[in-house]
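Since the structure comes first, as C-alpha cells, the remarks are kept for the end.
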Amino acid sequence: MPPVGAALWRSLRAHQVYGANTDVGKTIVSTVLCNAINQHKASSPAAFLKPVSTGPLDDADDRHIQRYATGTLTKCLYQFDEPVSPHIAARQKLLTIPRDDEIVSSVHKTLSEWAGSGINFALVETAGGVHSPGPNGNSQADLYRPLRLPIVLIADSRLGGISSSISAYESLLLRGYDVHSVLLFRDDYYQNHEYLRTYFQKKSIPLVPLPQPPARPQSQDTDSLARDEEAMASYYERVARGSEVSGLVEELTAKNTERIERLEAMSSRAHDTIWYPFTQHHGMAPKDITVIDSAYDDFFQTYAPETASQEGGLRATFDGSASWWTQGLGHGNPELALSAAYAAGRYGHVMFPGNIHEPALSLAETLLETIGNPRFQKVFYTDNGSTGMEVAIKMGLRAACHRYGWDASQEQISILGLKGSYHGDTIGVMDCSEPSTYNKKVEWYRGRGYWFDFPQVRMSQGSWKIDMPESLQEALGPDLEYSSLNAVFDLEARVASEAGQRYKEYIRGTIETLVRDQGMKFGSVIMEPVILGAGGMLFCDPLFQRCLADVVRAHPELFSANAPPGRGAGSWSGLPIIFDEVFTGLYRLGRRSSASFLGVDADIAVNAKLLTGGLVPLCTTLASNEVFEAFSSPHKSDALLHGHSYTAHAVGCQVAVDSLRTMTQMEQGGSWHKYRQDWQPAPTASSPEVWSVWSHGLVQELSHAPSVEGLFALGTVLSISLRDTQGGGGYTSTAAQGLQQRLAAGGAHFQVHSRVLGNVLYLMSSVTSTPSAVREIEGVLRAALL
C-alpha cells in the first residue's frame, strides 16, 4: 500500500476525535459538533467518518450521527458486530485483517473525496481511548499518525478522569499531534472541567465543558425509547446552538486557515532569516526551499500550495538522503520519542566529567560488547561526527608522538589517508583531508597529510569492476573484474593475489619515499571503511584499505628508526589506525561495523549518525587502553582536554541504547532476510555476506544505461554516477541534477527527496524501509535512466 500525505486541505477542516478513555462520550460530542456545523446555512453539511467500529450495528456511532445530526454525511470503513476491542473483533471475523497502512490510506482517500465534493468540515472518530488497539493490535495513536490530523480530545469527567485526560494528551503530544481543542461533560461533583480548563489554558488549548446528556432510560420499552430519543434530539439542538460550541467551531476553522498560512509563508521567512549549510545562496529563491510540515516513517510531509484546495496540501516525499545519513528507524518513531522523553524527565541534562549516569554507562558497555573489536576498551563522548573525529585525531597523534618521542610543537606530524576523504567541517579535522571544494576557501586550512589515490569499485555493463587510477596503472596493475560483489569482498582470498601484492608494494614504496626523501612524519592512518561519503560516495576497493592497514602494522620501521618491537596482540603497530564510521557504521552498509568488511580491528573508531536512529545528535569515539594510557600522567595538561557542555547527554545516550537494541533485534530476527536472499549467491567460507535494500536486478539493469557511468548498492546505500560530458565529473558537476529533478517529480504515489554530490546521485533508505516504497523508487529510476 503506497504512503499517503498527511491530511490537510484548504477547503476541508478535518479533525480526529480521540477519547481520554472508553465511554467518555466521543460520539455525543461529534454529534454536537456536526449539528453546530449543519445549523450554519452558509456551510456545507458536516461529514463523519468512523474508520473502525465494534458492537451491534443498531448502536453504531455512524447510525447515531445519522439519527441525531440530520444531513451529515457518514461512513464507516470497517464494522465488527462483536462489542470487543478491534484487534479481537477483527481476528474473530476476518481471515485477512486490514493492515494499518490500508486503513490509513482508506481514511485519506475518503477525506480527499469529501474535500473534492465541497464538504468543508469532517470528523474522524477513533474507537475507545487514545491507546486502544486497532485491528492489528497497534495503538490507534500510532496507527493514525501518518495522517497527523489535528485533534479534538474528549476528556473524562468521571472519577480519575483528570489523570486519564492529561495522560491521553501527553501521549498524543509525544507523537507529534496538535491538540486543537478539548471537550468534556460538566460534572459539578468532580469538577474535572475546572481543573482541566486551567491546565489546558496554560497550553493555549481551549476547553469547552458541555452539559451532561440525558440519562439513558432503564427501561427498554417503546415509550421509554421514544422519550429518550426526543430528549437526545432536544439536547443536541440546544447544545449545538450554545455560544461556546459555536465559538469553538469558528476557532477550529481559524486554526485550519492559520496552519495553511504559516506553511505558505515559511519558505519566504526562511529565505529572509536562514543561512543554510553547504548551500550557495546566490540566486536562491523562496521557491527553492521545501517546506516540511512533519515527517513519519521514511517520508517527509511537504507542503504543496498548488494542491492545497482539493488534492491535499501535504505530499508524501521519500527522504532519500536519510536526512543527511542519520535516519535509521524512521521519522517520528514513537519508541525513540518515548526513550528521549524518559531520559529528559529523569535527568534533563547533567554535566558529565567526573560523573556517570545509567544511559551513558549502558551505551558505552553495549558498544564495547557488540561492536566486534577486541581492542576497544574505552568510550569518549562528543556531540557529532566532526568533533568525534577531532578527538580521534588527538588520540592517534598523541599515541604516536608518545611512543616515538616526537614533539608536535616543534615539527609537523601528518596523517595518512585516502583521496576524497572528508571527516568533518571543524578546522582541525578539515586539515585531515586533501584540498577540495570543501576547504580550499577556508582561510585556516593547511592540509596536513598524504592521501593515496585508490582503485574504485563500480557495477558497469553487468559486471563488478575495479578501476585503477590512470596514473597508477603501472604500479597497481590493470583494471579488475568480478562476477559478484561477494567476490570483491573475499579479501582472505584476494590478499594473496597479484593485485594484493602490487597494492602492498605500492603502499610501502610510497610511504618510504615520503618519510625518507621528503622527511614527513605520520601520526595516524585515517580511513572511512569501504565508502568515502562526502567525497562523492567513492567505493574504495576494500582490498586496498586492507593492504594499507596491513603494511602500516607490519612495518613500524617505516615511520621511525627507533620504533620499538611489537607489544603483542591488540597493540597498535606502525601507526594508530582510525576508522571514521560516522557514515558507514551501525548498519548503514548492512552490518553493525563496516570495519568487518575489511577484517581489520582499528585502534580508534568513531560512530555517530545512526547511533541514535536519527533522532538527536550524539557521537562516540572508541579507543584501546593503549591509546588511553598515552594521556595518563601526573599532569593535568597531559589529559585529553576536550569536551562540550552537553557531553554524553542522557537523552541521546538513552535513545542510542534503545536504537541499537532495536537494530540488533531486527538483524537477529531476520528483518532483512528477503533483501539478503535477493543478493546472496552461496557465500564461501572466506567471503563476507554482502547485500542491499536496493534490488540486485535494478543495479544490473541500470549498469547498462547509456547515461550511467557506474553504480553500486550496499546495505541501505545506492549510488549512481552519471556521465558528465561537460566538466568531467567532481563535486561541482551538474550532471546528476536532471535525475534529481525527475525523482522530485515523483512516481505514482510519492515524491523523492534526494541529494547530489557533483555527478553522483545517491539514495538511502532507513533500515525499516518497506520493500514497496523502495521498489516504487526503483521504478522511477528505471523510467528516468533506461
Keeping the roles fixed (side chain from [X], backbone from [Y]), state whether a donor-acceptor pair exists under 3.5 Å.
X	Y	answer
Tyr381	Ala360	yes
Ser659	Gly613	yes
Ser139	Ala141	yes
Ser632	Ala630	no
Asp638	Pro634	no
Trp572	Ala399	no
Thr366	Ser362	yes
Asp288	Met284	no
Ser671	Glu667	no
Glu528	Glu581	no

Scan [range] for pairs that pass salt bridge (charged side-chain N to carboxylate O under 4.0 Å, His left out), counting only residues two or more places apart or in two chains.
range	answer
residues 273-285	none
residues 639-655	none
residues 365-383	Arg375-Asp603
residues 642-656	none

Checklist entry - Relative to Trp325, does Arg755 satisfy both conditions: NZ or CZ under 6.0 angstrom from the six-membered ring centre, and within 45 degrees of the ring's axis? => result no

Item to check | Axial cation check for Tyr199 ring with Lys202, 6.0 Å and 45° limits | outcome: no

Mind telling me whether [Y] and [X] have parallel, tilted or perpendicular rings, with 30° and 60° as the class edges?
X	Y	answer
Trp672	Tyr587	tilted
His357	Tyr347	tilted
Trp694	Phe318	perpendicular

Item to check | Residue pair Met527 / Asp580, side-chain heavy-atom distance below 4.5 Å | outcome: no

May I have the list of side-chain donor-acceptor pairs in residues 712-719 shorter than 3.5 Å, sequence neighbours left out?
from: Thr716; atom 1: OG1; to: Arg588; atom 2: O; distance (Å): 3.0
from: Thr716; atom 1: OG1; to: Arg588; atom 2: NH1; distance (Å): 2.8

What residues form a ring-ring contact (aromatic ring centres under 6.0 Å, His included) with [X], not counting sequence neighbours?
X	answer
Phe300	His331, His753
Tyr169	Phe200
Phe376	none
Tyr296	none

Would you tell me whether [X] and [Y] have side-chain atoms, one donor and one acceptor, within less than 3.5 Å of each other?
X	Y	answer
Thr620	Asn607	no
Arg591	Ser596	yes
Ser766	Asp298	yes
Thr326	Ser323	no
Gln301	Ser294	no
Ser421	Ser433	no
Glu626	Ser571	yes

Carboxylate-amine/guanidinium proximity below 4.0 Å for [X] and [Y]:
X	Y	answer
Asp293	Arg259	yes
Asp297	Arg145	no
Asp431	Arg448	yes

All salt bridge (charged side-chain N to carboxylate O under 4.0 Å, His left out) counterparts of [X], not counting sequence neighbours:
X	answer
Arg346	Glu358
Arg262	none
Asp319	none

Checklist entry - Would Phe559 and Tyr404 count as a close aromatic pair, with their ring centres under 6.0 Å? => result no

Checklist entry - Using the benzene-type ring in the case of Trp, are the ring centres of Tyr276 and Phe278 under 6.0 Å apart? => result no

Next on the checklist: Could you go through Asp658 and Gln654, starting from their C-alpha distance and side-chain angles, then the distance that decides it, and tell me whether this counts as side chain to side chain donor-acceptor pair (under 3.5 Å)?
Outcome noted: CA-CA 6 Å; Asp658 294 332; Gln654 184 63 55; 3.3 Å; yes

Item to check | Shortest non-hydrogen separation from Val582 to Gly385 and the atoms involved | outcome: CG2-CA, 3.7 Å

Next on the checklist: Assess the residue pair Ser409 and Asp407 against the criterion (side chain to side chain donor-acceptor pair (under 3.5 Å)); give the C-alpha distance rounded to whole Å, side-chain angles, the decisive distance to 0.1 Å, and a yes or no.
Outcome noted: CA-CA 5 Å; Ser409 67; Asp407 184 350; 2.6 Å; yes

